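Structure, as structure tokens:
Note that the structure is a prediction, hence the values are computed from the model and not measured. A, B, ... follow the sequence lines: proteins, then strands. Residue 1 opens every chain. What you see below is based on every heavy atom in this structure, not just the backbone, and it leaves out hydrogens, waters and symmetry mates.
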Amino acid sequence: MELAERIARRRSSRQGGRVVVDRDHLSPVVHRPEPVGRGPVLEQLLDALEPVFDGELPPPVAVVGPPGSGTSAIVTALFDALNDQFSGSTRSIGTTTRAGSTGPVTWFGTVDGRRVGSPFSFYQAVLSAISNEPVPESGIGTDALRKRLRDRLARPNRRVIVAIDHHDEPETLDAGRARELLAPVDEHVTIVPVGQREPDDWKGTTVSVPAYRDHELVDVITDRASTGLAAGTLDHDTVRDLAAWADGNAHDALAALFGAAVLASEADADRIERNHLEAARADVPETGVHVGRALALSETRQQVLLSLIELDAADRPIREIATAIAGRSSLTAGTVKRFLYELADRGVIERVPLSTSDRGSGRQPSTVRPLFPTVVFRSLAATSVQSADRNDSG
DNA sequence: GATCCACGGGAATACACGGATG
DNA sequence: CATCCGTGTATTCCCGTGGATC
């Protein structure tokens with residue numbers, strides 16, 4: 001990130017309130033470089049990856065944990081750090097050189113399954129992880145990308161360990177498919193599926209991540225708040241309440257914290273008040289989805305969701321909602337309707353049957369409501385649309 | 001070296017049909 | 001039966017890329 005951009009972001013994050021000091025430190029979709037209270041799991045994962053230190057490919061290992069247990073955070077942090085150690089030098093040097101064409105190279109890459117649904121985008125993601133040069137996002141065939149991957153990887157002493165994050169979520173490319181696609185470079189690749197459960201008929205080892213215990217979650221929240229919020233905006237009792245409420249789920253805790261901070265800022269308050277926190281908690285659905293799911297959607301779909309939030313669509317039939325949203329976008333009502341059904345199918349929003357009293361004949365319509373934290377989403381989606389091409393970090 | 005253009009992937013859109021409902 | 005919702009899929013559109021052509 002360039003310095004000017006850093007400053008601009010810092011400025012904009014301070015506008016409209018004295019509560020938030022740094023949004024990134026608070027955001028539930030930004031991972032910390034040093035995960036809090038996860039030492040034992042990190043050690044287990046390092047054990048499983050041990051062969052890497054002898055210049056060999058480790059056997060496959062799955063990382064498994066309940067929602068909000070920090071599986072993504074752990075793998076992201078560890079792989080970033082390992083990457084710095086193993087290929088950092090070639091990375092920072094090689095702007096134009098065909099870096100490291102002689103010596104052994106080991107890469108650690110993370111593929112966000114939420115953003116990868118097709119073979120094309122999978123190859124694109126893997127190649128990006130192991131290349132200094134930008135990899136085309138379109139305008140080229142899938143076969144061409146597969147060939148590039150082979151060219152780059154199928155040589156002695158080239159290794160890549162690929163984490164497939166969220167491999168078991170709907171609509172993402174699962175681990176089995178990933179292995180199929182990597183078959184041409186099989187001997188140079190280890191996959192590390194990361195999710196809530198192991199892939200079907202899993203043959204490798206498994207590292208289990210337990211849900212956070214209350215006091216661990218308190219530490220996580222405190223850590224975020226201490227750098228993300230202005231001093232004195234949150235007292236310790238409130239943190240403890242929040243941790244207890246979130247019941248071991250760091251996503252829910254951070255979503256509520258971030259939401260409360262946004263609401264406090266919007267109210268131009270000096271600190272986070274009880275009502276901000278209550279509203280923010282209420283905005284985190286009990287059986288909802290990670291806000292990252294919504295933020296991984298294409299820009300148009302995010303626009304649709306933003307309109308849906310603004311609209312206050314409760315008790316209105318889908319057809320009507322679609323027309324209203326289409327009115328404030330460049331999309332057709334038919335397309336928006338299509339999107340809404342599709343988003344409901346994916347579990348990002350929920351269809352709620354509408355008990356119609358008015359309409360006479362015909363099938364009864366339903367309405368939709370978001371299943372993700374809307375305050376967090378509208379705050380983060382707004383900025384990611386502005387700088388859409390900059391943020392590629394899941 | 002500059003320009004053109006065919007190609008490919010993915011998003012947007014259209015459309016048709018099955019099913020629920022009065 | 002008429003009507004409208006919900007869904008699967010065919011078709012069209014858009015646009016970046018990279019090789020062909022001049």
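- Comparing B:dG10, C:dT7, B:dA11 by their nearest atom to the side chain of A:K337 picks out C:dT7.
- For A:Q364 and B:dG22, the shortest distance from a side-chain N or O to OP1 or OP2 is below 4.0 Å.
- Listed nucleotides: C:dT7, B:dA12, B:dA20. Nearest to the side chain of A:L331: B:dA12.
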_For A:I140 and A:R148: C-alpha separation, side-chain torsions, deciding distance, then whether side-chain contact (heavy atoms from CB on, under 4.5 Å) applies._
CA-CA 11 Å; A:I140 187 179; A:R148 282 195 194 193; 3.6 Å; yes
Between N or O atoms, less than 3.5 Å apart, protein on one side and nucleotides 17-19 of chain C on the other: list the pairs.
{"residue": "C:dT17", "atom": "O2", "partner": "A:G139", "partner atom": "O", "Å": "3.4"}
{"residue": "C:dG18", "atom": "OP1", "partner": "A:R148", "partner atom": "NH2", "Å": "2.4"}

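- Out of B:dT13, C:dG6, B:dA11, the shortest distance to the side chain of A:Y341 is found at C:dG6.
- The aromatic ring centroids of A:F53 and A:F86 lie less than 6.0 Å from each other.
- At the phosphate of B:dG8, neither OP1 nor OP2 sits under 4.0 Å from any side-chain N or O atom of A:T142.
- Residues A:V52 and A:P58 come closest through the heavy atom pair CG2-CD, 3.6 Å.
- In this structure, A:L340 atom CG and C:dT7 atom C1' are separated by 14 Å, rounded to whole Å.
- Of the candidate nucleotides B:dA12, B:dG10, C:dT7, B:dG10 has the atom nearest to the side chain of A:S118.
- Set against C:dC5, B:dA12, B:dA14, the side chain of A:R319 has C:dC5 as its closest nucleotide.
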Report task. Just do the side-chain contact (heavy atoms from CB on, under 4.5 Å) check on A:V291 and A:H251 with the steps written out, would you? Result -> CA-CA 8 Å; A:V291 67; A:H251 165 263; 3.8 Å; yes
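- Within the 4.0 Å cut-off from OP1 or OP2 of B:dT13, at least one side-chain nitrogen or oxygen of A:T335 is found.
- One can find a donor-acceptor pair under 3.5 Å joining the base of C:dG8 and the side-chain atoms of A:R338.
- Residue A:G334 is classed as having no contact, given no heavy-atom separation below 4.0 Å to the nucleic acid.
- Within the structure, every side-chain polar atom (N or O) of A:R363 is placed at least 4.0 Å from both OP1 and OP2 of C:dT7.
- Minimum heavy-atom separation, A:I349 to A:L340: CD1-O, 3.5 Å.
- Distances were taken from every side-chain heavy atom of A:S366 (C-beta onward) to each of B:dA12, C:dG6, B:dT13; the shortest belongs to C:dG6.
- A cation-pi geometry, defined here as NZ or CZ lying under 6.0 Å from the six-membered ring centre and within 45° of its normal, does not hold between A:R293 and A:F377.
- In the set B:dG9, B:dA12, B:dT13, the nucleotide with an atom closest to the side chain of A:F120 is B:dG9.
- In this structure, a donor-acceptor pair under 3.5 Å is present between the side chains of A:T206 and A:E198.
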